[in-house]
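The shown structure was predicted, so the numbers you read here are calculated from the model rather than taken from an experiment. A note on names: the letters A, B, ... follow the listed sequences, proteins ahead of strands, and every chain is numbered from 1.
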Number of protein chains: 2
Amino acid sequence: MTTSVPETDAHAGVVRRFNRSYTQRIGALDDSFLGTGMPLGTARLLFEVGADPATTRDLRARLGLDSGYLSRLLRRLEADGLVTVTEDPDDRRRRVVGLTDAGRARWDDLERRSAERARELLAPLTERQRARLAAALAEADLLVRAATVTLERVDASSPVARAAVGEYFAELDRRFPGGFDAGEQSAADAQKLGPPSGAFVVATSDGEPVACGGVQTIGDGVGEIKRMWVHADWRGAGLGSRLLRHLEGVARELGHTAVRLDTNGTLTEAVAMYRRAGYLEIERYNDNPYAERFFAKDLA
Amino acid sequence: MTTSVPETDAHAGVVRRFNRSYTQRIGALDDSFLGTGMPLGTARLLFEVGADPATTRDLRARLGLDSGYLSRLLRRLEADGLVTVTEDPDDRRRRVVGLTDAGRARWDDLERRSAERARELLAPLTERQRARLAAALAEADLLVRAATVTLERVDASSPVARAAVGEYFAELDRRFPGGFDAGEQSAADAQKLGPPSGAFVVATSDGEPVACGGVQTIGDGVGEIKRMWVHADWRGAGLGSRLLRHLEGVARELGHTAVRLDTNGTLTEAVAMYRRAGYLEIERYNDNPYAERFFAKDLA
DNA sequence: GGCGTTCTCTGACTAAGGTCCGAGATATGA
DNA sequence: TCATATCTCGGACCTTAGTCAGAGAACGCC
């Protein structure tokens, strides 16, 4: 089915070679967790709790654990006096996990070990080479994260969708010269971005929304792409293009043969991306006061 | 002892962030070994046997396994018809392990899966992003390998030193317009590059020589750096500078207060590196017919 | 208040990874 | 030839890691 593209194979070879040498040399990075007398899974959990205290639900999502298993790990950490598990006052079905003082001390120890490992790796390099390595790893990190983002259709009024749209609006407010006021449209709009004539997609990484976008119907066979946003830290990794392609697919599923969208001239990266994706500029087709430029693309 | 340099800590942070996200995504995807129906340990063992058949004793050392555990893993692989365990004719207490045809097929399968995993990681990216990721990982790979190279003083007539110098001479022969003839100097030179007045250093990675260089005495308190070479695949990672610094340290240990070296104008990278390292060009100080340029540095 | 859903937690279970020890075969040196 | 060391192997045993199903509490919506 998939034809073997030579370049991709060459790139895959680079990935494999890197995996081999890196895990062989740094894979001993697990040792930083192992030296503590705790089993690996327990240490990873403790580390995660310390990095950002959260509900068990979050922890499950972040570490990819079974709820029963997580519960047992928490009992163990609790018995060792390293964490406290208390009821979430907002929703008493949930539990909030936090570190005790002893847990914090243990966590600091893990941090120290981990940082030490990283410094040991860098030690033999000159400052110039260190900077190069850091830059290369940062670039790889961004791209790997982008490649493993999950795109998921969610309800536009779900918490994760609201969170994403909230960040989007906040950014518009920051970037538009006169600010941005979402107004009272939100509730009605969420409706339109849902079944049967619309959809909303959120891209998440480690449970955090990193990009979003929706499709709604504005006419016979014509869809409109709305609320498209990519987290500032995640730009430059092709996530926007990928999301846009995905949304076009969603629009097709909804029976549309063409899509339109509006945007503001301030969002230059967005305009450039739409052009790259084959969008053509058209006349104003709505009365959105914030919109200045209008684009369309045929989905045939 | 080591002062905490802010930049280094920032770089260490990048390394750690990368480690986390990468091992979480790829380490988990190292199920390339798991997808075969074999447990991880068994797969690793099969892989190791396939890479280089050996006695159980060797395998234990290489994988760090308990003898009872290894025995059980081998019984399982044997029962599955993937390996053959036969008596070592040299010592009938020992066993020699090798792959059967089925085992070789399974080994190929592991290789194939590993490549497939790498392709899956790349799949969501555009060709442009893939190329960026591959470039970043290749750069990181080079630097990480360079950082984990081991510098070791060896006898200049040892096999590893001969191998390194052999590659060096071969390269000179390729690069010098009129070729290069090491002549009969080798034996006498190896003598000079050893105790008490000289030393030879080889940098190895995974047992392979990747760089080398020696110090010998040419006068009262004056050392000479000779045979400095970095493998072509390993250039651009600061390995040359590091080796040079190391050799200066060796020269100091030998009681020298200054070092000299000669080189050929053809080796432009080398000349640039010597200048960066604080070497000043001087007049010809020997009658080496291949040398065109001469440098010196005070070690005070 | 009723009902379906969401959430945590426990118990039961399985597979894998790994350690320890001793039996039995084989080599080695006196 | 005998004592001692080396080597493989299987049995007993333990901890991790992880899955699955169901009980029971809490929530949201009508």
Side-chain angles (χ1 to χ4, degrees), chain A residues 27 30-31 33-49 53-80 83-98 154-155 157-160 162 187 207, chain B residues 23-24 27-28 30-49 54-80 83-98:
Chain A
D30 290 350
D31 293 353
F33 278 168
L34 273 167
T36 60
M38 279 186 279
L40 185 68
T42 318
R44 282 207 311 162
L45 176 57
L46 179 71
F47 189 82
E48 203 62 36
V49 171
T55 62
T56 54
R57 188 179 166 61
D58 293 333
L59 292 170
R60 266 214 324 276
R62 269 192 267 162
L63 292 167
L65 298 176
D66 172 82
S67 72
Y69 186 34
L70 174 62
S71 178
R72 216 152 312 143
L73 289 177
L74 285 174
R75 285 303 82 69
R76 173 163 177 174
L77 285 173
E78 219 177 2
D80 291 349
V83 305
T84 54
V85 181
T86 52
E87 273 184 351
D88 182 344
D90 294 339
D91 182 341
R92 281 161 47 228
R93 288 172 302 187
R94 294 190 185 156
R95 298 285 184 277
V96 182
V97 187
V154 300
D155 192 298
S157 57
S158 64
V160 67
R162 282 171 178 284
Chain B
T23 54
Q24 194 181 335
D30 216 2
D31 297 352
S32 60
F33 278 170
L34 271 166
T36 57
M38 277 186 283
L40 184 69
T42 318
R44 281 207 313 163
L45 176 57
L46 180 69
F47 191 81
E48 201 62 35
V49 172
T55 63
T56 55
R57 188 177 168 64
D58 293 334
L59 292 171
R60 268 211 325 272
R62 266 193 268 165
L63 292 167
L65 299 175
D66 174 82
S67 72
Y69 186 31
L70 175 61
S71 177
R72 213 155 312 133
L73 290 177
L74 284 174
R75 284 304 82 67
R76 175 163 175 172
L77 285 173
E78 216 177 5
D80 291 348
V83 304
T84 53
V85 181
T86 52
E87 274 184 351
D88 182 343
D90 295 340
D91 182 339
R92 280 162 48 225
R93 290 173 303 185
R94 295 191 185 155
R95 298 285 183 277
V96 181
V97 187

Do you know the tightest heavy-atom contact between T56(A) and L70(A)? O-CD2, 3.4 Å
Phosphate-side-chain proximity, R95(A) and dC7(C), N/O vs OP1/OP2 below 4.0 Å: no
Of the listed nucleotides (dT19(C), dG17(C), dG10(D)), which one gets closest to any side-chain atom of D66(B)? dT19(C)
Nearest whole angstrom, please: distance from the P of dT16(D) to the CG of L45(A). 14 Å
Starting from the C-alpha separation in whole Å, work towards a yes-or-no answer on side chain to side chain contact (heavy atoms under 4.5 Å, CB included) for L77(B) and M38(B). CA-CA 9 Å; L77(B) 285 173; M38(B) 277 186 283; 4.1 Å; yes
Nearest to side-chain heavy atoms of R92(B), which nucleotide of dT26(C), dG10(D), dT10(C): dT26(C)
Looking at the base of dG17(C), is there any donor atom on it, or on the side chain of R72(B), that sits under 3.5 Å from an acceptor on the other one? no
Looking only at heavy atoms, what is the nearest atom pair of R60(B) and S67(B), with distance? CD-CA, 3.3 Å
What is the distance, rounded to the nearest whole Å, between atom CG of L59(B) and atom P of dT8(D)? 10 Å
Which whole-number value in Å describes the distance from R57(A) CZ to dC27(D) P? 15 Å
Y69(A) or D88(A), whichever maps to the more 5' nucleotide of DNA chain D: Y69(A)
Can you tell me the distance, in whole Å, between the CG atom of L65(B) and the P atom of dT19(C)? 9 Å
Atom pair distance, as rounded to whole Å: CG in L63(B) and C1' in dA16(C): 16 Å
Measure the distance from CG on L70(A) to P on dC7(C) and round it to the nearest whole Å. 14 Å
When rounded to whole Å, the CZ to P distance for the pair R60(A) and dT6(C) reads 12 Å
Pairing of E87(A) and R94(A) as salt bridge, 4.0 angstrom limit: no
Can you say whether a donor on the side chain of R93(B) sits under 3.5 Å from an acceptor on the base of dT6(D), or the other way round? yes
If I take atom CD in residue E87(A) and atom P in nucleotide dA26(D), what distance separates them, rounded to the nearest angstrom? 7 Å
Quick one: is R94(B) getting a side-chain N or O under 4.0 Å of the dT26(C) phosphate, OP1 or OP2? no
Side-chain atoms of S71(A) come closest, of dT10(C), dC9(D), dG17(C), to dT10(C)
Tell me which nucleotide among dC9(C), dT16(D), dA16(C) gets nearest to the side chain of S67(A). dC9(C)
Start at the 5' end of DNA chain C and walk down; is the nucleotide closest to G68(B) or to L73(B) reached first? L73(B)
Whichever of L74(B) and D90(A) has the more 5' nearest nucleotide on DNA chain D, that residue is L74(B)
Does the pair L59(B) and V97(B) meet the rule for a side chain to side chain contact (heavy atoms under 4.5 Å, CB included), with working shown? CA-CA 9 Å; L59(B) 292 171; V97(B) 187; 3.9 Å; yes
